[in-house]
Amino acid sequence: MTVDPIAWLHGHQVAPRSDIGLSIRAGFGIGVAVVAESARAAAPPQHGETVLPVRARNSIAETSSAETVHAGFLGDPAELVRAIDIEFAPRLVWWDRTTADPLAAGGVAIARCWDVVTVHRLLHGGWRTSVARVWAWLHDLSDASMPQMGQMDLLGALSDGGVDEGDPEDPVRPDGYLRPEWVTGAFALSTDRLGSWAALALTAASRQRERLAMRPDPVRALSTAHSESAAEYLCAELAAGGLPIDMSTAMALITDAVGSRPTSHGDEDRLRGERDQRVLDLVPPGPRIDLRNPADVKSMLRRVGVDLPDTRAWRLEEHRERHPVVAELLRWRKVERIATTYGYRWLDEHVVPAAGGGRLRGDWSSADGAAGRMTASAGLHNLPVELRSAVAAEPGHLFVRADLGQIEPRVLAAVSGDPALIEATRDDDLYEPIAQRLRVERSVAKVAVLGAMYGATTGESAHALRRLEQAYPVAMSFLEAAAEQGRRGEEVLTVGGRLIKMWSDDPNGQHFDAAGVGNIDRARQVAAARGRFARNALIQGAAAEFFKVWTITFRTRARSTGANIVLCLHDELLIHVPVAHVDESAQVLLDALAEAAHRWSPSPDVRFTADVSVIERWSDAK
DNA sequence: ATCGTAGGCGCC
DNA sequence: AAAGGGCGCCTACGAT
């Protein structure tokens with residue numbers, strides 16, 4: 001017997017915009033689940049007008065539990081999910097990227113989703129997690145006694161003797177933990193089990209909603225769960241798509257910096273030696289120096305009369321004139337960066353051939369483990385400015401690039417609600433009105449505001465800080481309250497409801513460092529660092545939440561234009577657009593900014609700005 | 001051998 | 001202007 005999955009869903013009278021659980025094993029099948037309350041059991045499938053072009057569907061015996069009804073289907077998941085999305089406009093609920101990635105790779109536009117692991121990071125903080133841990137946490141089960149895959153093999157009868165193993169077809173063990181063999185996916189490779197797994201994602205999501213409802217602002221927290229899930233799906237799309245690279249420009253830039261591609265290991269060693277020698281030639285003879293060893297570099301500099309506590313670039317910069325070797329060393333470091341990190345190997349490993357050039361592909365995550373900014377690997381977030389001319393739009397396309405203006409102080413105004421600071425955001429350059437109010441130079445005002453948000457304590461900004469406290473008391477006490485919570489070791493919440501974890505004092509605090517700094521000073525240092533972190537995390541984290549709302553709003557509003565987001569960089573967006581649609585896309589970006597501000601900002605009068613330009617190469621940005 | 005850490009630097 | 005928050009990635013080094 002074959003049943004159309006869409007007909008199956010109709011048979012259960014799934015309401016529009018309800019939750020539909022999904023579990024996909026790439027290249028295998030898809031599990032679909034709905035909440036039993038919203039489903040009418042045992043109704044015959046409604047064939048006829050609802051049938052959509054979904055190929056190769058085999059129904060598997062429907063299974064139901066108290067909460068959910070589910071079934072598994074074979075066929076092309078992308079096609080099926082596209083049909084479900086059009087037909088039911090549901091919120092698609094899945095565990096993690098194992099389901100999102102094949103959909104994104106298949107080019108499926110998902111309107112609304114719920115990514116359980118992503119929401120867990122919001123609820124629980126941190127980055128390292130797993131489906132098993134998420135489930136355990138939602139059921140108040142300890143991490144320590146969590147069953148491990150292969151535990152039985154390692155410990156034999158000791159671990160499982162006397163334990164009720166229950167029904168292996170149930171993904172949940174009698175003790176409440178998930179079965180490891182289900183989590184790893186090995187056991188779930190049957191369509192029926194994929195259905196159970198999808199149903200369990202629905203259960204997890206429902207528990208997560210209960211936890212989100214306990215946040216100080218439950219409505220906002222739920223909204224954040226939605227936007228962060230959408231951002232995670234965008235990350236799946238970014239990972240599948242990649243950043244357009246003009247290979248000949250990339251090659252030319254690298255050759256310019258480090259010479260032509262080495263032909264052998266010997267050749268590579270020779271080039272490396274020659275690069276080093278240009279620096280070493282400038283110091284008097286002595287013991288061998290390894291430029292990659294900071295201690296060696298320090299003694300090398302001491303040999304020419306430059307004695308420094310460390311060899312960081314900004315410090316070396318101050319001593320550039322003292323000896324020619326300093327400038328040469330700084331030059332060496334830049335070249336070495338290209339040779340080791342952004343050289344031929346980098347291109348080989350991360351750029352995949354594509355129409356008219358290549359695509360730089362990396363892993364993307366919607367939230368780091370700290371304040372919740374997006375992360376990317378493969379150099380996508382730290383590409384040296386000198387290499388950005390290699391990022392070029394493909395034939396028939398242009399980039400629409402946009403970056404948010406002065407986002408952190410504007411976000412500070414929004415989350416603190418400081419009336420005077422909100423007033424300052426009306427200016428295109430908000431440091432101008434601040435400078436006037438403080439009666440200082442603009443540059444001083446800027447340093448002071450940034451210093452207040454980063455937790456700077458010394459130097460020029462310390463004086464202006466006191467002025468800031470008088471002029472913007474609401475914003476400054478907001479920051480100070482966060483810092484104080486951090487210093488005490490307490491967790492803090494971003495405005496969107498993300499939990500910011502705090503680390504504890506070193507438990508084995510017997511350590512005295514070389515300077516003889518003891519436990520008390522050490523504890524004070526840890527507290528101060530936590531204070532700076534908490535102070536910054538509430539701003540950085542809120543800015544990340546706003547940026548993601550802006551980005552996914554654009555993604556939704558621009559679906560029809562063929563515009564593709566190819567890079568997200570904290571406050572900057574790079575969008576790859578067919579030439580015919582660049583003006584429209586630029587306008588949609590600005591509209592999306594207004595919409596995001598309206599939906600996100602806790603203070604309605606805060607003004608957000610973005611600089612938008614149409615360019616051929618990333619380096620063309622002003 | 002394999003791992004984690006530290007110094008360093010790229011970007012925001 | 002000072003050297004503060006985040007990330008990923010490279011190297012060397014010391015622990016296991």
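We name chains A, B, ... by the order of the sequence lines, and we start the count at 1 in each one.
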Between the protein and nucleotides 2-7 of chain B, list the N/O to N/O atom pairs that are separated by less than 3.5 angstrom.
none

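In this structure, the ring-ring contact (aromatic ring centres under 6.0 Å, His included) partners of Phe608(A), at least two apart in sequence or on a different chain, are Phe546(A). Legend: residues meeting side chain to side chain contact (heavy atoms under 4.5 Å, CB included) with Asp256(A), ordered by chain and number and at least two apart, are absent. Scanning for ring-ring contact (aromatic ring centres under 6.0 Å, His included) contacts around Phe533(A) gives Trp503(A), with sequence neighbours left out. With sequence neighbours excluded, the residues satisfying ring-ring contact (aromatic ring centres under 6.0 Å, His included) with Phe399(A) are His576(A). In this structure, Arg437(A) has no salt bridge (charged side-chain N to carboxylate O under 4.0 Å, His left out) partners at least two apart in sequence or on a different chain. For Arg607(A), the side chain to side chain contact (heavy atoms under 4.5 Å, CB included) criterion is met by Arg410(A), Thr425(A), Asp428(A), Thr609(A), not counting sequence neighbours. Ser366(A) is linked by a side-chain hydrogen bond (donor to acceptor under 3.5 Å, both in side chains) to Glu232(A), counting only residues two or more places apart in sequence or in another chain.
The number of heavy-atom neighbours closer than 6.0 Å to CD of Glu441(A), taken from other residues, nucleotides and ligands shown, is 12 or below. Heavy-atom neighbours of Glu616(A) CD from other residues, nucleotides or ligands within 6.0 Å: at or below the threshold of 12. Remark: Glu321(A) CD is loosely packed, at most 12 non-hydrogen atoms of other residues, nucleotides or ligands lying under 6.0 Å away.
Between the base of dG6(C) and the side chain of Arg373(A) there is a donor-acceptor pair shorter than 3.5 Å.
Side-chain contact of Thr311(A) with Arg333(A): a donor-acceptor pair under 3.5 Å is present, judged by distance alone. In summary, the side chains of Asp368(A) and Trp127(A) do not present any donor paired with an acceptor at a separation below 3.5 Å, with no hydrogens or angles considered.
Distance check: Arg535(A) CZ to Arg487(A) CZ gives 6.5 Å after rounding to the nearest 0.5 Å.
In this structure, of dA1(C), dC12(B), dA12(C), it is dA12(C) that holds the atom nearest to the side chain of Asp290(A). Of the candidate nucleotides dC12(B), dT11(C), dG10(B), dT11(C) has the atom lying nearest to any side-chain atom of Arg292(A). Listed candidates were dG5(C), dC12(B), dG10(B). Nearest to the side chain of Arg532(A) is dG5(C). Residue Ala313(A) places its side chain closer to dC9(B) than to any other of dG6(C), dC9(B), dA12(C). In the set dC7(C), dC11(B), dC12(B), the nucleotide with an atom closest to the side chain of Val385(A) is dC11(B). Relative to the side chain of Asn382(A), the nucleotides dC13(C), dG10(B), dG5(C) differ in distance, and dG10(B) lies closest. The side chain of Ala370(A) has dC7(C) as its nearest neighbour among dC7(C), dG4(C), dC12(B).
Residues Arg288(A) and Asp290(A) are not paired through a salt bridge, judged by the lack of any N-O separation under 4.0 Å between the basic side chain and the carboxylate.
If you check every strand for non-hydrogen atoms under 4.0 Å, Ala378(A) touches sugar and phosphate atoms only. Across all strands, Ala376(A) comes closer than 4.0 Å only to sugar-phosphate atoms, never to a base (heavy-atom distances).
If you take NE2 of His570(A) and P of dC12(B), they are 9 Å apart, rounded to a whole angstrom. The NE2 atom of His381(A) sits 16 Å away from the C1' atom of dG5(C) (whole-angstrom rounding). In this structure, the CG atom of Leu412(A) is 18 Å from the P atom of dG5(C), given to the nearest Å. The nearest whole Å value for the distance from the CH2 atom in Trp618(A) to the P atom in dC12(B) is 7 Å. For the pair Arg530(A) CZ and dG4(C) P, the computed distance is 18 Å after rounding to whole Å. As rounded to whole Å, 8 Å separates atom P of dG10(B) from atom CD of Glu386(A). Atom-to-atom, CG of Leu291(A) to P of dC9(B) comes out at 12 Å; the value is rounded to the nearest Å. Nucleotide dC11(B) holds its P atom 9 Å from the CG atom of Leu383(A), rounded to whole Å.
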For DNA chain C, the dot-bracket notation using Watson-Crick and G-U wobble pairs below 3.5 Å, [ ] for pseudoknot-type crossings and | for other-strand pairs, is ....||||||||||||

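Both Ser443(A) and Leu450(A) lie close to DNA chain C; mapped to their nearest nucleotides by heavy-atom distance, the more 5′-ward contact belongs to Ser443(A).
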Side-chain donor-acceptor contacts of residues 372-387 of chain A below 3.5 Å, not counting sequence neighbours, with atom names and distances?
from	atom 1	to	atom 2	distance (Å)
Ser377(A)	OG	Asp363(A)	N	2.9
His381(A)	NE2	Cys568(A)	O	2.6
Asn382(A)	OD1	Tyr342(A)	OH	3.1

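Interface residues of residues 328-346 of chain A facing DNA chain B, ordered by number: Arg333(A), Lys334(A), Arg337(A); criterion, heavy-atom separation under 4.0 Å. For the segment residues 468-491 of chain A, the set of residues with a heavy atom within less than 4.0 Å of an atom of DNA chain B is empty.
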